[in-house]
Amino acid sequence: MCRLFSLTSRDPVSPMLAINALNVMKEGHDGSGVGLCLRGLGGPFGEMKEAPILSGIFTEAGLKRLSQVSADIGLDPKYSMTFTPKTPPPPGTPKRGTYLARAFDIPDAWKGLAPEELAREYTRFRLMLRTTGEEQGDMQVFSFWPDTLMVKEVGDPMEVAAYLGLDNKDLVARQILAQGRQNTNYAINLYACHPFFIQGVCSMTNGENTAFIPIREYLASRGVDGYCGYQSDSEVFAHILHYTVNRLGLDLEYYKHVITPLTNEELDGHPDRENLVRLKQACRKLVIDGPNCVIGCLPDGSMFMCQDRKKLRPGVVGGKPGVFAFSSEICGLNAAIPDRDTSKDFQPMHLDTAIVRPDCQEVTICSQLQALPHLH
Amino acid sequence: MQPTAGLAPSSLSLKDLPWQIDWDIHTCTLCGRCTAVCPVNAIELGVFRKRELHAKPGIPEKPTNTYTIYHGIRQRTDPAYRCIGCAMCNMVCPNNSIRPRKLAESPMLWYHHNRGGQPRTRGGRRNESGSLLDQLKFIRISMLTDPALDAGRHEFELKTLLGRILPPEEELKALKENGWTPPVREIYPLIIGGMSFGALSPNMWEGLIMGVTYLNEEMGIPARISTGEGGCPPRLLRSRFIKYVILQIASGYFGWDEIIRAIPEMQEDPCAVEIKYGQGAKPGDGGLLMWYKVNKLISALRGVPQGVSLPSPPTHQTKYSIEEAVAKMIQSMYMAWGFRVPVYPKISASSTSLAVLNNLVRNPYAAALGVDGEDGGTGAAYNVSINHMGHPIASNLRDCYLNLVAQGRQNEIPIIAGGGIGKNGNLAANAASLIMLGASAVQVGKYMMQAAAGCVGSEADRCNICNIGLCPKGITSQDPRIYRRLDPEKVAERVVDVYLSFDTEMRKIFAPLGRSTSLPIGMSDALGIADKDAAERLQIKYVV
């Protein structure tokens, strides 16, 4: 099992808070990798909220090619943060090159595009870099999106963080999602490392999605740019979330109904029965079968945790106004927010979605048995 | 020496018959039950005369004869009355004095069962024991990251959808705008396939319907049964139990009049309407109800004269093309029930299945597609059709499913697979394999006859006389003297047993795969086979 930790804070904080939390949960992961997604950035990136940031790992040749390719379409580099390790990599971590986060001014041709069009352009650019990077072996690209920075590497989280210098004071964020990887079924591949990110939607998962193949086949046939790759069975959670929110225009409360619909008996007394029965039928292809604990983050900064129907993976939410955390284990929560009211810690069960809205004031518990926001 | 009887080219000796009757003179009490019960009169009471010669040693006394007579059982060698191996004689014998035995070597009968120039027709079995479905294994066992589920304790959702499913975007749009959406039924993925009221005996039919009703109303398992072509008893049409029934209409339209007349008086809608274009075991032949079984009841129900053979032509004269036929029939059936009942065609698995499927994808009213593979049992067909026509179900189903995947329409048109499921008794494993290859549901006919009614037919050309109305168990006979042997209550009990045990076995398969909240349709990563070509063809893992 992997270990997950995420944090949402009113004020930007260092990702080391999350890395530390992963470190105290070390008994639960084998240190075979770490993934970080930072949103609501502070520091220099915080001053350029609209500029898309490219996150990835580049060789020398890759950096040159990136400059060339981005210049070709008119992307103008604005600010770069590089993590160029000075020390030899920790055991298990290959020597790769430059870990880069670079913000760009967008080309004139993209200015004035509708948000959906712009999102598509960003995605296509990332996919183009990813594809050619895989062919030429010179770059790995994790995200290209405003106000978003992603880091992924193989190795123990703490050692990787020290190696990359993630305690950089300029690297702070309001929403942090971090995964300590336990390599299991699939080959080690950075693209298989959580969190997964697409157009402002981010998720990471603990467990194994046994319904992966049919869901992958379904998503890949939706004709959405970015529903591809799938080096990990958990990547589909991010895409289902994206599909639910962006494509179907449903609120976050519906996500749980899409991935784990209620039984007929439970639906019988539900105030939104009619809608939910039809949603259950139409989205049947997206039902997950767990065991999974899903933590995710939406473009507006809302963060949530939910479980599969069988609830076979632990997860806890807790915190205090201003900062809340979602963790696989309570010890991770204790490490990150020791001074919270522990009596308010909440462990979502099979019907719950625990949501912390962007204002970071409280944990909202949304049960599937409750009435839902109206369709709009 | 001249023979005492005429030896014609088609005269057969006992040795030439595939089934031999072993009769024990020492234990037989000559009660006569065996000959009374034999459906094909292969055995008869015989009077045997025996001459014994008594020659004493020495020359003076001449040898003498004595003649004795004894009674026994005689097996007939006329191909028309050959033993079919059903073993009813053994079942009724108080002393186990008689039993049929299969002759291992190839008998001469094969060359002589076309007498009068009529090729053999038989109740259908391919007489091949092998099955690709039985070679498939479930290999994706959750052990490392997941604990396997507990098949006995966990909540399992084993239901499937019958009816066209809209893509989520369209469904939500319809929801917001109060638009029409195609009717969808939530059913159990094991359907009793179409075996018509003409093909089955009234007792068998009654038993199946009672079993299905019990499953629905007492066990909470939404089992469904297809009527097969030939209509539905009028009383059932007007009862509330019609909702557990899939009405089948075929190109012969047999029984359709009854259905139309009942529509205004129907208390409930039927579960669905299945339009049969073909059957897997005799593709291109259509159905065939032979004259032996067209009695007064059946002729009244179907609106035909008594005692005539009723072939159901695969395409009707009024139809210009299959595309047109599919579109027209689907639409008219929808209109008949006010667009509240899913209507879908059932076709033989064939190289044109994909073409039909593609037509259905573009038809907003098409509710599903039934695909029937070559291995299915069927009431009556020519030997050559059963043995040499048709397409195996596994690869055809896989092609259909992957075709839908490529179009992004998987499960929007549910595929119902049939043909050879549970042929060797592995019903749950075969059904689960087909579901993982992409079927939304499976349909079985033969298995139900074997498991729920004691049909003795086998893949070794045993019995297989469903077509001539002499079914030794009374399953496929329209003769009350024969079908009285079958107790409908007991059939119903067995149907329920079969479904419940199937349900348990499905859980036993799905639990270690880590699946419990949705049917693993298309979960092809769980399947493996030790045949490289088959693995490549089905796009599943090759394991040895």
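Here is how names work: the chains are called A, B, and so on, in the same order as the sequence lines, proteins then strands, and each is numbered from 1.
- Contacts of B:Ile521 with chain A are made by backbone atoms alone, with heavy-atom separations under 4.5 Å and no side-chain atom involved.
- Both the backbone and the side chain of B:Pro168 come within contact range of chain A, each with at least one heavy atom under 4.5 Å from a heavy atom of that chain.
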Identify each donor-acceptor pair in which a side-chain atom of residues 362-371 of chain B lies under 3.5 Å from a protein atom, sequence neighbours left out, and give them as a table.
{"from": "B:Arg362", "atom 1": "NH1", "to": "B:Asn358", "atom 2": "O", "distance (Å)": "2.9"}
{"from": "B:Arg362", "atom 1": "NH2", "to": "B:Gln407", "atom 2": "OE1", "distance (Å)": "3.3"}
{"from": "B:Asn363", "atom 1": "OD1", "to": "B:Tyr365", "atom 2": "N", "distance (Å)": "2.9"}

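- Rounded to the nearest 0.5 Å, atoms CG (A:Leu248) and CD (B:Glu171) are 11.0 Å apart.
- B:Lys243 NZ: more than 12 foreign heavy atoms inside a 6.0 Å radius.
- Using a 4.5 Å cut-off between heavy atoms, A:Arg278 contacts chain B through both its backbone and its side chain.
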(message) Under the criterion side chain to side chain contact (heavy atoms under 4.5 Å, CB included), I'd like the reasoning laid out for A:Lys285 against B:Ile165: C-alpha separation, chi angles, the key distance, then a yes or no.
(response) CA-CA 10 Å; A:Lys285 282 85 70 173; B:Ile165 320 291; 3.9 Å; yes
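- Atoms CD and CG, from A:Gln281 and B:Asn411 in turn, are 12.5 Å apart once rounded to the nearest 0.5 Å.
- Contacts of B:Ala174 with chain A are made by both backbone and side-chain atoms, with heavy-atom separations under 4.5 Å.
- In this structure, B:Gln410 and A:Glu217 have side chains that are in contact, with non-hydrogen atoms separated by less than 4.5 Å.
- Counting heavy-atom pairs closer than 4.5 Å to chain A, the top residue among B:Leu172, B:Val405, B:Leu175 is B:Leu175.
- You'll find the side chain of A:Asn264 reaches within 4.5 Å of the side chain of B:Glu186, heavy atoms only.
- The distance from the CD atom of B:Glu412 to the OH atom of A:Tyr218 is 5.5 Å, given to the nearest 0.5 Å.
- What you find for A:Asn209 and B:Arg140 is that their closest heavy atoms are O-NH2, 4.2 Å.
- Ion pairing of B:Glu155 with A:Arg309 is present here, as a side-chain N (NZ or NE/NH1/NH2) and a carboxylate O approach within less than 4.0 Å.
- Residue B:Lys159 touches chain A through both its backbone and its side chain, counting heavy-atom pairs closer than 4.5 Å.
- The local environment of CD in B:Glu536 is sparse, with at most 12 non-hydrogen atoms from other residues, nucleotides or ligands closer than 6.0 Å.
- Of the residues A:Ile288, A:Thr263, A:Asp289, the one that meets the side chain to side chain contact (heavy atoms under 4.5 Å, CB included) test with B:Thr517 is A:Asp289.
- Shortest non-hydrogen contact noted between A:Thr210 and B:Met523 is O-CE, 3.3 Å.
- Neither the backbone nor the side chain of B:Glu170 has a heavy atom closer than 4.5 Å to any heavy atom of chain A.
- Counting heavy-atom pairs closer than 4.5 Å to chain B, the top-ranked of the candidates A:Leu375, A:Leu286, A:Ile213 is A:Ile213.
- Interface remark: A:Asp308 contributes no atoms to any contact with chain B (heavy atom separation under 4.5 Å).
- With a 4.5 angstrom heavy-atom cutoff, B:Phe510 does not touch chain A via any of its atoms.
- Other residues, nucleotides and ligands place no more than 12 heavy atoms under 6.0 Å from the NZ atom of B:Lys508.
- Within the 4.5 angstrom heavy-atom criterion, no atom of A:Ile215 approaches chain B.
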